[in-house]
Amino acid sequence: MSNSEVSFELHPSLAKQADAADRISTLLKGGVNRFVLGVQTLDRDILRILNRGHGVDEVMQTVKLLKGMGVENLSLDLMYGLPQQTLRSWYGSLIGLLDMEVEKFNIFPLMFKSTDPIARHLARGRYQFAGAKERVMMHFMAEHMLTSLGYRHGPIFYWTKMSQPHSFQQARKYDSWNDNNLVPFGVSGFGFMSECQFYNEVDLDRYLSRVEAGEKPVWKGVVLSQDDLMRRTLMFALRSSGVLLSRFEREFGVSLEVYFARELRALKEAGLICISKDGVLSLTDAGTINSGAVSLLFFSNNVLEQVAYNDGRIADKRTDLIEKHDYSPAARYGSSVQMKEVFQ
C-alpha cells in the first residue's frame, strides 16, 4: 500500500466537525496519502448560490488542519464560469488559494447539464453567467498566473508546482497508452482492464446491494476494437503530454498522420494542434481551451450514432442516469451530422 496513491475527496465543511482531526487521522492510518477538496470558489456570495455547504473560512481551516497533520499531497478544485462570477472574483479565488501555499490545483470550466440545478438557474435567467469571452479570459488569467509562478500542466486542467505528477492516477490514465489497468472502487467509478472500458453502478443503493451480494458492481461496459483503442489513446494523450508519432506507429502498426489525416488537417487549419520537431502531436493554447471540440473530432461515427440513439430513448432527462453522469462532448452533439456543424 505504501507505493500506491490512495486518494480521498474531503468536503471543506469537515472543519465544522469537532472530530475533524480524528477523521483525517483514521484516513491516514488507512493508507490515504492524497486529499482533494472541492472548493470551487472563494467568493462567499457565489458559494451561497451554489449551496455548497461550506464557506471560505472552512476551506482555510481544513487546509491548515491537513497541513498541520503532515499532509503534503493536497489538491484543490476551482471552477470558472460560475453564476455571478466576474474576472475580479475569479482573480480573488486564485490569489486566495495561492496565499494558502497550495501546490496542486484542478481548474475546470463550468459545464452545464440539464439535470443540474445550476442549469435551471441559467435557463431562468436568475443569475448572471460569464459569456464565452469572459470564460476565455478566466482560463488564460489562470494560465498566466500559475505559469509565471512555476506551476505546470499535468494534464490539462490539472496544475502542480511539485516535481512529481499532479497525481499518479491521472498521469497513468492519460499517458498509459492502454497498457495500464484502472480498477475503480466505489459508486460511479471508471475502469479500464484488458481493453474493456466500464463503469460502476452510479446509483448508490444499487451499488451497495450488488457489493453486499458478492457481485461485481459494473453498470455498463464495452470491449474496445483496435480503432477504438487508437482513438482512446489519441484523445487521452492529447490532454496530457502529447502523442509521440513514432510510438503510435510502433504500438498500432499504422501512421497516425495517415490514419487520421482528415481530422488532423481540420484541426491544423483551426490552429488547435501542432507537431513539434521531435514528432510530438500536442494541443496549442487555443486547442487546450477547446479540448472538448478536439476530442469530439476523434469519436467514430459508430460511437456518435450510438450516443444519438441512446439519447433519443431518454424519456426524462431529469431522472435518466446516463444524462446525469455523461459529460462527454459526444453527449452534447450526438450524431455525426450534428458534430460536423461544429467545424463548419
Side-chain angles (χ1 to χ4, degrees), residues 39-41 75-83 85-95 97-98 104-113 116 118-119 122 128-161 166 170-171 173-175 231 234-243 260 263-276 280-299 326-333 338-344:
V39 175
Q40 317 309 8
T41 178
S75 178
L76 273 61
D77 291 350
L78 276 182
M79 295 185 73
Y80 61 86
L82 297 171
Q85 192 174 49
T86 63
L87 292 172
R88 182 176 291 277
S89 66
W90 174 237
Y91 176 80
S93 290
L94 289 169
I95 289 297
L97 293 188
L98 289 169
K104 293 185 178 183
F105 296 102
N106 304 335
I107 298 181
F108 303 106
L110 174 65
M111 296 176 64
F112 294 100
K113 294 285 287 183
D116 293 339
I118 201 166
L122 175 66
Q128 178 99 18
F129 284 82
K133 180 179 179 180
E134 288 76 18
R135 286 166 66 96
V136 169
M137 292 175 70
M138 289 176 183
H139 169 85
F140 284 109
M141 181 189 295
E143 291 258 338
H144 174 74
M145 291 174 62
L146 294 176
T147 301
S148 64
L149 291 171
Y151 289 81
R152 58 184 174 79
H153 277 300
I156 63 171
F157 303 138
Y158 299 86
W159 289 89
T160 179
K161 200 173 185 179
H166 177 279
Q170 294 295 343
K173 182 173 77 173
Y174 285 97
D175 292 318
R231 294 174 184 276
L234 182 54
M235 286 188 279
F236 272 40
L238 270 178
R239 299 173 72 89
S240 187
S241 58
V243 186
F260 293 110
E263 292 87 350
L264 296 182
R265 183 168 56 252
L267 293 171
K268 284 182 180 178
E269 291 175 355
L272 301 179
I273 60 169
C274 62
I275 298 178
S276 71
V280 177
L281 173 69
S282 58
L283 297 175
T284 62
D285 288 341
T288 297
I289 198 169
N290 291 289
S291 58
V294 174
S295 295
L296 181 64
L297 201 58
F298 292 105
F299 279 90
D326 187 3
Y327 279 85
S328 162
R332 298 200 294 276
Y333 296 100
Q338 292 173 312
M339 184 208 72
K340 289 175 183 177
E341 295 178 358
V342 179
F343 293 93
Q344 285 182 349

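Starting from 1, each residue takes its place in the sequence as its number.
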message = With side-chain contact (heavy atoms from CB on, under 4.5 Å) as the criterion, how do Leu297 and Leu267 come out once you've worked through the C-alpha distance, each side chain's angles and the decisive distance to 0.1 Å?
response = CA-CA 9 Å; Leu297 201 58; Leu267 293 171; 3.6 Å; yes
task = Go through the steps for Val294 and Leu283 under the test side-chain contact (heavy atoms from CB on, under 4.5 Å), then give the verdict.
result = CA-CA 9 Å; Val294 174; Leu283 297 175; 3.8 Å; yes
task = Go through Ile107 and Leu94 one step at a time and tell me if the side-chain contact (heavy atoms from CB on, under 4.5 Å) criterion holds.
result = CA-CA 10 Å; Ile107 298 181; Leu94 289 169; 4.1 Å; yes
query = Is there a side-chain contact (heavy atoms from CB on, under 4.5 Å) between Phe140 and Thr288 once you walk through the steps?
reply = CA-CA 10 Å; Phe140 284 109; Thr288 297; over 6 Å; no
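Residues Arg135 and Leu110 meet the side-chain proximity criterion, which asks for heavy atoms closer than 4.5 Å. Taking 4.5 Å as the limit, every side-chain heavy atom of Tyr151 sits out of range of all side-chain heavy atoms of Thr160. Two residues are said to be in side-chain contact when any heavy atoms from C-beta on lie closer than 4.5 Å; Met79 and Pro109 fail this criterion.
Atom CG of Asn290 is separated from atom OG1 of Thr284 by 8.5 Å, given to the nearest 0.5 angstrom. For the atom pair Phe236 CZ and Ser241 OG, the distance stands at 13.0 Å (nearest 0.5 Å). The distance from the OH atom of Tyr91 to the CE atom of Met145 is 5.0 Å, given to the nearest 0.5 Å. A distance of 14.0 Å separates CZ of Phe260 from CZ of Arg265, quoted to the nearest 0.5 Å.
Side chain of Glu269 to backbone of Ala266: no donor-acceptor contact under 3.5 angstrom is found. Formation of a donor-acceptor pair under 3.5 Å by the Thr147 side chain with backbone atoms of His144 is not found in this model. Here the side chain of Ser240 pairs no donor or acceptor atom with the backbone of Ala237 at under 3.5 angstrom.
Nearest heavy atoms, Ser282 versus Leu238: CA-CD2, 3.8 Å. In terms of heavy-atom proximity, Arg239 sits nearest to Ser291 at NH1-OG, 3.3 Å. In plain terms, the two heavy atoms of Ile289 and Ala286 that are nearest each other are CG2-O, 3.3 Å. Contact record, Gln85 with Gly81: OE1-N, 2.7 Å, taken as the closest heavy-atom pair.
Qualifying side-chain contact (heavy atoms from CB on, under 4.5 Å) partners for Leu87, counting only residues two or more places apart in sequence or in other chains: Met137, Met138, Met141. Arg231 pairs by the salt bridge (Lys or Arg N to Asp or Glu O under 4.0 Å) definition with Asp227, not counting sequence neighbours. Looking at residues two or more places apart in sequence or on another chain, you find a side-chain contact (heavy atoms from CB on, under 4.5 Å) between Phe108 and Asp77, Asn106, Phe157, Tyr158. For His153, the side-chain contact (heavy atoms from CB on, under 4.5 Å) partners are Glu143, Trp159, not counting sequence neighbours.
Residue Ser93 forms a side chain to side chain contact (heavy atoms under 4.5 Å, CB included) with just one option from Leu76, Thr41, Leu82, and that option is Thr41.
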